[in-house]
Amino acid sequence: MADVTTQDSTPTPDGTTPGAAPDSAPPWARYVAIGDSFTEGLWDPYPFDDGSPAPAGTESEAKQRGWADRLADALSARRTATGLAPLEYANLAIRGRLLRHILAEQVDVALAMQPDLVSFVGGGNDILRPQADVDVLSAQLEEGVAKLRGAGVDVLLGTGFKAGGGLSWTRGRVGQYNSNIWSIAHKHGAHVLDLWGLDPLFDLRMWADDRIHLTPEGHRRIADAALVGLGLEPDDADYAVALDPLPPQAFVERARANTQWARTHVVPWVQRRIKHTSSGDGRAPKWAEPANWPPTAE
């Protein structure tokens, strides 16, 4: 479906594309992103409509940018630099969505847009739930991937993060899920964005105050990792270089920060689980229709 066919776009088992040259145009003309809060872009806010900067962190009601928008920036810029039309881009991701919701609400909508590239990252919200079954999640994911690949769409999957601190208990589940993701990618010829092995993400400075979503710098680095997962050169060759270490934090300061985090973020999350509500209830996709990217001001 792409309008550039000068290279073999079949990914190798490591998720890269053979023969991709840094100065060539990406072979995709229409990209649709589907998923949850990670792909919606929390917490990487655009400025408000009046141009004033949005506050950092989870208090922002501004439209979120995120790695997928940043990936679209890079793909579109590389297309126009070679004289092609801008990339067309839509983002259907909504915070709080479980994998089954992404499959039911977003996959068919994305297919109707006739993309040649879809990023499909989901399952993180499911894994946080006590009764999560990783094999069931993996089968659901493969169902969506097979549907997209069967329609001739290139797919970018994403592994889960290697979490630490209060979320370190998820590592076993995420590691199992990641193994299945690589197998699904190999079986169906999909690309993979490797988040598990991205060293800068092991640094708390890459994470917003909720410790679940990323800062703008974290999203910037993931956009480069996504380019690499697609077999392209990153915009920043140092995207995977770890930050210089911070001095150790005193025990009292660390305990105080953990208490504040639990009060501000964990308690509301638990309350939503009890009430069977979601942070994404009532929200619509931020970019619901494919359009030339980046958008132009009215």
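The model shown is predicted, which means the values in this text are computed figures rather than measured ones.
- The aromatic rings of Phe161 and Trp207 lie perpendicular to each other, with more than 60° between the two planes, well past the 30° mark.
- Expressed to the nearest 0.5 Å, how far NE2 of His191 lies from CG of Leu157 amounts to 10.0 Å.
- Using a 4.5 Å heavy-atom cutoff, the side chains of Asn180 and Glu142 are not in contact.
- Closest approach of Leu87 and Ser76 over heavy atoms only: N-OG, 3.1 Å.
- One finds the CG atom of Asp224 at 10.5 Å from the CD atom of Glu233 (value rounded to the nearest 0.5 Å).
- Under the 4.0 Å criterion applied to side-chain N and carboxylate O atoms, Asp235 and Arg70 are not assigned as salt-bridge partners.
- By the 4.5 Å heavy-atom criterion applied to side chains, Leu71 and Tyr31 are counted as neighbours.
- Using a 4.5 Å heavy-atom cutoff, the side chains of Leu167 and Leu128 are in contact.
- Taking CG of Leu75 as the reference point, atom CH2 of Trp293 lies at 12.0 Å (rounded to 0.5 Å).
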Please determine whether side chain to side chain contact (heavy atoms under 4.5 Å, CB included) holds for the pair Val32 and Val109, giving the CA-CA distance in whole Å, both sets of side-chain angles, and the decisive distance to 0.1 Å. CA-CA 10 Å; Val32 178; Val109 176; over 6 Å; no
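- Closest of all the heavy-atom pairs between Leu42 and His213 is O-CB, 3.2 Å.
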Any chance you could lay out the salt bridge (Lys or Arg N to Asp or Glu O under 4.0 Å) test for Arg65 and Asp73, step after step, and finish with the verdict? CA-CA 11 Å; Arg65 186 180 185 184; Asp73 290 341; 2.6 Å; yes
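- Here Thr170 pairs with nothing under the side-chain hydrogen bond (donor to acceptor under 3.5 Å, both in side chains) rule; sequence neighbours left out.
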Evaluate the criterion salt bridge (Lys or Arg N to Asp or Glu O under 4.0 Å) for residue pair Glu217 and Arg221; output intermediate values, then yes/no. CA-CA 6 Å; Glu217 177 63 12; Arg221 289 177 183 247; 2.9 Å; yes
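- For the pair Trp67/Leu214, no side-chain contact is recorded, criterion being any heavy-atom separation below 4.5 Å from C-beta on.
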Take Leu111 and Leu148, measure what side chain to side chain contact (heavy atoms under 4.5 Å, CB included) needs, and give me the verdict at the end. CA-CA 7 Å; Leu111 276 173; Leu148 292 164; 3.8 Å; yes
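- Between Asp36 atom CG and Asn125 atom CG the span is 5.0 Å, to the nearest 0.5 Å.
- Asn292 pairs by the side-chain hydrogen bond (donor to acceptor under 3.5 Å, both in side chains) definition with nothing, not counting sequence neighbours.
- Residues Pro26 and Leu230 are not in side-chain contact: their nearest non-hydrogen atoms beyond the backbone lie 4.5 Å or more apart.
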Leu92 and Lys286: CA distance, side-chain angles, deciding distance, side chain to side chain contact (heavy atoms under 4.5 Å, CB included) verdict: CA-CA 7 Å; Leu92 306 179; Lys286 62 176 182 177; over 6 Å; no
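- Residues Asn91 and Pro285 fail the side-chain proximity criterion, which asks for heavy atoms closer than 4.5 Å.
- The shortest distance between side-chain heavy atoms of Phe120 and Thr39 does not fall below 4.5 Å.
- Side-chain contact annotation: Asp69 with Gln64, donor-acceptor N/O pair under 3.5 Å absent.
- In this structure, CD1 on Ile184 lies 11.0 Å from OG on Ser179, to the nearest 0.5 angstrom.
- Of all the heavy atoms in Tyr89 and Trp287, the pair that sits closest is CE2-CD1, 3.9 Å.
- Contact annotation: the side chain of Leu243 approaches that of Pro200 to within less than 4.5 Å [non-hydrogen atoms, C-beta and beyond].
- Within a 6.0 Å radius of CG in Asp49, other residues, nucleotides and ligands contribute 12 heavy atoms or fewer.
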Take Asp210 and Trp43, measure what side chain to side chain contact (heavy atoms under 4.5 Å, CB included) needs, and give me the verdict at the end. CA-CA 9 Å; Asp210 63 5; Trp43 295 103; 3.1 Å; yes
